[in-house]
Amino acid sequence: MNEWPKQYTANEVEGKWMSRWKEMGIHRWDPVRGRDETFVMDSPPPTVSGALHIGHVFSYTHQDLIVRQKRMSGLNIFYPMGWDDNGLPTERRVQNYFNVRCDPYLPHDPHYTPKTDGKGPPEKVSRPNFIQLCRQVTRSDEEAFRRLWQRLGLSIDWDQEYATIDDFSRKTSQLSFLQLLRDGHVYLTETPTLWDVDFQTAVAQAEVEDRMMAGAFHNLRFGVKEGGSFVIATTRPELLAACVAVVAHPDDARYRPLFGKQAVTPLFRAPVPILPDGRADPEKGTGILMVCTFGDATDVEWWRQFNLPLRQILGKDGRLLPVKFGAAGWDSLDAPAANRFYSELEGRNVKQARTAIVAMLRTPDGAALPDLGAPLTGEPRPIQHSVKQFEKGERPLEIITARQWFVRLLDKKEALIQQGAKIQWHPPYMRARYESWVEGLNQDWCVSRQRYFGVPFPVWHPLDDEGRPHYDRPILPKPEQLPVDPLAEPAPGFDESLRGKPRGFIGDPDVMDTWATSSLTPQIASRWAEDAARHRKLFPMDVRPQSHEIIRTWAFYTIAKAFLHERQVPWRHVVISGWILDPDRKKMSKSKGNVVIPDHLLEQYSSDAVRYWAARARLGVDTAYDEAVFKNGNRLATKIFNASKFVAGHFEGQDLAALTPAMVTEALDQGLVGRLREVVRKAGEEFAAFEYANALQSAEEFFWSDFCDNYLELVKGRCYEKEETAGKRSALATLKLLLSVQLRLFAPYLPFLTEEMWSRLFAAREGRERSIHTAPWPTEAELRAVAEPSASDPYGAAADALREIRKVKGEAKVSMKTPLKELEITGNAKDLDAVRSVMQDLLSVSGAPAARLTEGKVENGRFKIRAAL
RNA sequence: GCGCUGUUAGCUCAGUGGUAGAGCAUCACCUUGACACGGUGGGGGUCAGAGGUUCAAGUCCUCUACAGCGCACCA
């Protein structure tokens, strides 16, 4: 037997095992075994360009706990790892890192190398060069994650690694798109779209966040063409030139006489209809409002409902476009004046335009009709109101008309809620979040992004004789051609020279929403796009672990895709990890600047200790970041090490194989095995419900209090006997069984320490038991090999009596080792029988030469002890 | 506005109708035979508040307060 060190040195041990496990191949999925004996985890591909932080450690540990317990239960584990690398976070990181901006109109420079000084205005680089930089950055970011996962001991099958931008993921994503297009679930249309003016891309409803912002009501006097005036209230005066109608509530007596007449806007003197509609709130503002193209979602509704003209004044860069009043669609009663006013706004961004237009609205010559006075009546009244923003953006979203690809979901809300109900959510109440999200959907899924580092749409558009694209006749690749890049490869049947030429083609310029690919992680991992048999073996998957803020994105889109493609749920269970809160109970996030970087923690406290901290958090429950819990983890590891060392010491010179459950003949030993059986039963049940924290708690309670504090002390006397008595053999056989079972109970949580102990004590050369992580998860049956004690609860009796004896010694302020001179135990007949069955151990631990047992009534507790020192 | 979750010891949390718990912190005591990264014992709680159901409520129901989150609204 190897020499046991005085202390456990986690860093050394942890470094050793990760590479050993790799050599042993114990994390590998076996493609031969059937679905029924396979456990499939749809592990989240982290956004690699995001900061690594303790939250990652937290939630990925949760998955690993589940996976490790299932592996020990004999299941064939499929635990892949992907990297989510495409999309805006990476682009943004590349822009900052290299100080570059993508200019898609620049030609590819094959000899491009990025500058390193990063000073001055950003360098413009071509799309292929930009993508190349993105790939370069993500490669090194992935490496950082990979290192951390390995250090943390995640039992990932690295043969199943993927990245959401790699060839196969692009193929999968494009194939999914083509199938949805074929089945009529996808359409291309020019429509008002939520638009981020900084990133200059469309975004989907799921990426929109409502944020409270300061704004102001501006009261503007409109004229009535037939005579008179009224005052509207708006928070967006800069959109006045885009006004296409005025709306008030049909029952509003103040404005009823105006319906059917024409309003005239200030400054631009555009005649617009005055319309009645129930959505106008008489209580709000002045009760009458202007409809612009487009200030908000209701504007879009009115625009559609009343078939209003489009006056787009906001450009994709968020600046006001050049427009000409007096031209078709831009009616004005005084076009020269309108154009003079507008020239003050053109080219300005929203904020600048607002300042400029408010100044003009203060002058009487801006009046809609002569003699109405300055259009701005009163001062703007500041308000706080919620404004839609891109979750990654800083300026409010605009609504801009653009051609976009959509996945049709609004007509499937009911079905998608049904799908959600077929999945078991842990904790169950998280399903409510999914449902309220689906119920609140008000747009189809906009999947096109006007960006660069993403999966391209596998689509070309034919050009007519004049070189105009026909968007209703897309040219599509054959599935076997995928992945394709329509901007780099010619459309099927065309020569590259016809790109952009009349009767030629253009490639669709957009890339897909990152979620369009991430929502296919089950299909990517199962290789749905090329291996139907493998897909059937892995899909639907068993568990999707994720955090709750992405229920509306990742969970929702994945459920939607699985439904659209196969009318299936993607997984049977969703397990939701909580958040990490900083000590002030604020969510830990990069933007708040309160994140904790995990590397030094793993050094300082060991991976096992950090995993222990993560394991104590129940699903869905937010957890305060508390280093005291890491220390607790270390204490547990140390205690297990020391207990194992003690047991190992008594195994010296013993034939371990000969210590069988049949040798457990002592009542104390049998009684304790019975208790552990309860712990094993509970742990199994808890794990079945993914409640690993509760399983840990019972194992820990048993280990610390029953095994270490009580049993080891009670049994020491027998262990140290010189002779090979039946009592000693019973003790050793019990220690072997109890320690083996307990190490296995702790193995998912403390994989390094338990493997080290297992390798010293129990590891076999071959088969499942060569590693604790493939060794069988403890079962009640295994512990039933030990006979039941004849007395009732002998261990409990011994523990209770011991507590009383310790109390006596404690009150006398003497060492627990001080022997008792006399001992009398009073209790009822049944309990005294139990005491009698463990008497040898009780005398040994108390140091009493003998004990008198007296039958009698006891006030509190089971026994009354009278002891003399 | 609608909804979900929570409120238990100084702190972090467990407790799923039957005598209020754990770890940390705190106090006192115990050091050579696994472990001072330890052991033993103690102090500390009208379980947010009010009502109700029940033989019995931290636990079930109703309302209220506070906190966090989700959804919706956004002139």
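Naming convention: chains lettered A, B, ... in sequence-line order (proteins, then strands); numbering from 1 in each chain.
For the C1' atom pair drawn from B:C13 and B:C30, the interatomic distance equals 30 Å after rounding to whole Å. Between the P atoms of B:U64 and B:C4, the separation comes to 13 Å (whole Å). The separation of B:U46 from B:U8, taken at their C1' atoms, amounts to 13 Å, rounded to a whole angstrom. B:G43 and B:C24 have their C1' atoms separated by 16 Å, given to the nearest Å. Comparing B:G15 with B:C47, their C1' atoms are spaced 11 Å from each other, to the whole Å. B:G17 and B:U31 are spaced 46 Å apart, taking the P atom of each and rounding to whole Å. B:A48 and B:A67 have their C1' atoms separated by 11 Å, with the value rounded to a whole Å. Atom C1' of B:U16 sits at a distance of 12 Å from the matching atom of B:G58, rounded to the whole Å.
Of the candidates B:C71, B:U12, B:C37, B:U12 carries the atom nearest the A:D626 side chain, counting heavy atoms from C-beta on. Ranking B:U31, B:C69, B:G39 by closeness to the A:W704 side chain, first place goes to B:G39. Taking every side-chain heavy atom of A:S815 into account, B:U31 is the closest of B:C69, B:G41, B:U31. When the nucleotides B:C4, B:C37, B:G38 are ranked by their closest atom to the side chain of A:A432, B:C4 comes out on top. Checking B:A14, B:G39, B:C69 against the side-chain heavy atoms of A:D709 singles out B:G39 as nearest. When the nucleotides B:G15, B:C35, B:C71 are ranked by their closest atom to the side chain of A:N694, B:G15 comes out on top. For A:W579, counting side-chain heavy atoms from C-beta on, the closest listed nucleotide (B:G38, B:A14, B:C69) is B:C69. The side chain of A:A628 lies closest to B:C24, out of B:A72, B:C69, B:C24. Distance from the side chain of A:R635 is smallest to B:G38 among B:G42, B:U12, B:G38. Listed candidates were B:C29, B:C69, B:C73. Nearest to the side chain of A:N442 is B:C73.
A tilted orientation is assigned to the rings of A:W515 and A:Y557, their planes being inclined by 30° to 60°. Using cut-offs of 30° and 60° for the angle between ring planes, the A:W613 and A:F58 rings count as tilted. Taking the six-membered ring where tryptophan is involved, the planes of A:F651 and A:F762 are perpendicular, since the angle between them exceeds 60° and thus also 30°.
A:K284 comes within 4.0 angstrom of a nucleotide base, judged by non-hydrogen atoms across all strands. Among the heavy atoms of the strands lying under 4.0 Å from A:L712 is at least one base atom, whether or not backbone atoms are also near. Using a 4.0 Å heavy-atom criterion, one finds that A:K809 contacts no nucleic acid atom at all. Heavy atoms of A:A280 sit under 4.0 angstrom from at least one base atom. Residue A:E549 is out of contact with every strand shown, counting any heavy-atom pair closer than 4.0 Å. Using a 4.0 Å heavy-atom cutoff across all strands shown, A:T818 reaches no nucleic acid atom at all. The residue A:C708 sits close to a base: some heavy atom pair falls under 4.0 Å.
In this structure, B:U5 forms a base pair with B:A67, meeting either the Watson-Crick or the G-U wobble geometry with both donor-acceptor distances under 3.5 Å. Pairing for B:C24 goes to B:G10, judged as Watson-Crick or G-U wobble with the two contacts each under 3.5 Å. The pairing partner recorded for B:C73 is none, the criterion being a Watson-Crick or G-U wobble arrangement whose two distances lie under 3.5 angstrom. Applying the Watson-Crick and G-U wobble criteria (two distances, each under 3.5 Å), B:G17 pairs with nothing in any strand. For B:U46, there is no paired base (Watson-Crick or G-U wobble, both distances below 3.5 Å).
Side-chain nitrogen and oxygen atoms of A:R806 include none within less than 4.0 Å of the OP1 or OP2 phosphate oxygen of B:G39. The shortest distance between the side-chain N/O atoms of A:K817 and the OP1/OP2 oxygens of B:U32 is not below 4.0 Å. OP1 or OP2 of B:A72 sits under 4.0 Å from a side-chain N or O of A:Q205.
The interatomic distance linking A:R433 (CZ) with B:G6 (C1') rounds to 12 Å, in whole Å. Rounded to an integer number of Å, the gap from CG of A:D706 to P of B:G39 is 14 Å. The separation between A:K631 atom NZ and B:G23 atom P is 17 Å, rounded to whole Å. A:E691 has its CD atom 13 Å from the P atom of B:U16, to the nearest Å. Atom C1' of nucleotide B:A72 and atom NZ of A:K413 are separated by 11 Å, given to the nearest angstrom. If you measure from atom CD of A:E811 to atom P of B:G39, you get 20 Å, rounded to the nearest angstrom. Distance CZ (A:R616) to P (B:G15): 13 Å, rounded to an integer number of Å. Whole-Å rounding puts the A:K639 NZ to B:C37 P distance at 12 Å.
You'll find a donor-acceptor pair under 3.5 Å spanning the side chain of A:Q7 and the base of B:C37, going by distance alone. Put simply, the side chain of A:D210 and the base of B:C73 share a donor and an acceptor less than 3.5 Å apart. No hydrogens or angles were tested; on distance alone, a donor-acceptor pair under 3.5 Å links the side chain of A:T638 to the base of B:C37.
Around the NZ atom of A:K586, the shell of radius 6.0 Å holds no more than 12 heavy atoms that belong to other residues, nucleotides or ligands. Atom CD of A:Q384 has more than 12 heavy atoms from other residues, nucleotides or ligands within 6.0 Å.
Across the interface with RNA chain B, nearest-nucleotide mapping of A:R236 and A:L581 shows A:L581 to be the residue nearer the 5′ end. Judged by closest nucleotide on RNA chain B, A:R618 is the one of A:A643 and A:R618 placed further toward the 5' end.
No option in A:K728, A:R718, A:R675, A:K736 other than A:R718 meets the salt bridge (charged side-chain N to carboxylate O under 4.0 Å, His left out) test with A:D669.
In this structure, a donor-acceptor pair under 3.5 Å is absent between the side chains of A:E700 and A:Y749.
Annotation: cation-pi pair A:K587/A:W579 present, NZ/CZ under 6.0 Å from the ring centroid and within 45° of its normal. A cation-pi contact links A:K716 to A:F646, judged by a cut-off of 6.0 Å to the six-membered ring centre and 45° from its axis.
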